[in-house]
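Just below is one structure, and these are the notes that go with it.
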There are 2 protein chains.
Amino acid sequence: MSLPHAILTALLEKPSSGLELTRRFDRSIGYFWSATHQQIYRELGKLEEAGLIRALPSAQPARGRRKEYEVLPAGRAELTGWVGRSEDPKPVRDALLLRMRAAAVVGTEGLEAELGRHLDLHRRQLAEYEDIERRHFPPERDAAEDRLRHVVLRGGIELERFWIGWLTEALAEVGGPPPAPRRG
Amino acid sequence: MSLPHAILTALLEKPSSGLELTRRFDRSIGYFWSATHQQIYRELGKLEEAGLIRALPSAQPARGRRKEYEVLPAGRAELTGWVGRSEDPKPVRDALLLRMRAAAVVGTEGLEAELGRHLDLHRRQLAEYEDIERRHFPPERDAAEDRLRHVVLRGGIELERFWIGWLTEALAEVGGPPPAPRRG
DNA sequence: TACCCCATGTAAATAGTTACATGATTCA
DNA sequence: TGAATCATGTAACTATTTACATGGGGTA
């Protein structure tokens, strides 16, 4: 149940309309909690209903009309509580690891290309994170707030490095070894 | 759409009843694709309906009566196709990274304990994986099938190590630095 | 026969995805 | 005035989670 909290965080960082939030979920905060515009509009409605956020008075409500939201005290309180709440990590559900395991049973046909494609995607994502790191977290800055956000970004960076490492290893196993290495 | 493929893989490894599958989803294959017994029974029904698996003739169908399934050729073909299919990685959705980011806005109260708890959970999981590695993949074995499964397990191991590293770093940031380090 | 555990399921709620609909604004 | 784009939404579907229901077999 983290989507509302992702939205509250984004709105505290900067009051926004639904579309602006959607754009920020395509970069920034969305790197760690993705969401589509349909989810976002639905959730904004619920959060407003629950009294955690409100539409800025300037925005008269009408379809097609821009509507900006800000977080109310109750919303900030909810987010503050959530930060320290006990919540177990979700069990892993990764399709690529699973496919590798399926390949152990039915063969690896077509898998090498797919692993290579993923490797490329993760390399691009890593490059993007590293670029953000250079621009947003130069060595001389270290406000506490920034340090926390930097740790989050480093999590993203290290996660991409994990995938790059694993995919490289996996490719060596799938594509690398000749069919009968000990006879070669 | 990976649950049916996870089940097909598990059933190819060994024909099983729903409950047996459930138990194997609590360890082994479930380390990479978790599922509850409700999901499994529902999906077994769909897979049987679709002609990808069948109940072994021995098991007469009745509620409360054990029912074993095996994979049919069509099921194996479906799984073989899926292994090489093109499927983009799912965007990251991680509650802990998100919470850290929320903490940058509303403060870190209660977060340190939660990070510590997660660190402990990941250490246990790592220990379990390493134990499995010792037991199932001793250095002298290297059948191709085993090597692929070993790569999958190493993925799990490296993922846990990533979390342990990141959580340690995050704890140092949240709990570590004194309130005003430059004045201390 | 009462209780417990094995085993298979149903139901309802929540979360996420995909496809489509509609109004407002801008600019050629 | 027509097309493109900004902006907000609805609807239908799929996936997942949580809680509960039911039957079978063994055994105290």
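Quick caveat: nothing in here was measured; it's all calculated off a predicted structure. Order of the sequence lines sets the chain letters (A, B, ...), proteins ahead of strands, with each chain counted from 1.
Between the CD atom of Glu87(B) and the C1' atom of dT17(C) there is a distance of 14 Å, given to the nearest Å. As a whole-Å value, the separation of Arg65(A) CZ from dT22(C) C1' is 14 Å. When the C1' atom of dT17(D) is taken as reference, atom CD of Gln39(B) falls 8 Å away, rounded to whole Å. The CG atom of Leu44(A) sits 9 Å away from the P atom of dT8(D) (whole-angstrom rounding).
The base of dT17(C) sits with one of its N or O atoms less than 3.5 Å from a complementary donor or acceptor on the side chain of Arg42(A).
Counting non-hydrogen atoms under 4.0 angstrom, Ser17(B) reaches the backbone sugars and phosphates but no base.
Residue Arg93(B) places none of its side-chain N or O atoms closer than 4.0 Å to OP1 or OP2 of dT16(D). Using a 4.0 Å cut-off, no side-chain N or O of Gln38(A) falls inside it from OP1 or OP2 of dG16(C). At dG9(D), none of the side-chain N or O atoms of Tyr41(A) fall inside 4.0 Å of OP1 or OP2 (strictly under the cut-off). Side-chain N/O atoms of Arg66(B) include one lying less than 4.0 angstrom from OP1 or OP2 on dA7(C).
Nearest to the side-chain atoms of Met1(B) among the listed nucleotides dT18(D), dG9(D), dA15(D) stands dA15(D). In the set dG9(C), dT18(C), dG9(D), dT18(C) carries the atom at the smallest distance from any side-chain atom of Thr36(A).
Put simply, the side chain of Arg154(B) never gets that close to the backbone of Arg149(B): no donor and acceptor are under 3.5 Å apart.
Salt bridge annotation for Asp131(B)-Arg134(B): present, with a cationic side-chain nitrogen under 4.0 angstrom from a carboxylate oxygen.
Counting only N and O atoms by type, the side chains of His5(A) and Glu78(A) include a donor and acceptor under 3.5 Å apart. Side chains of Arg101(A) and Ser28(B): a donor on one and an acceptor on the other come within 3.5 Å.
Between Gly18(B) and Lys90(B), the one whose closest nucleotide on DNA chain C sits nearer the 5' end is Gly18(B). Mapping Pro91(B) and Leu19(B) onto DNA chain C by nearest heavy atom places Leu19(B) closer to the 5' end of the strand.
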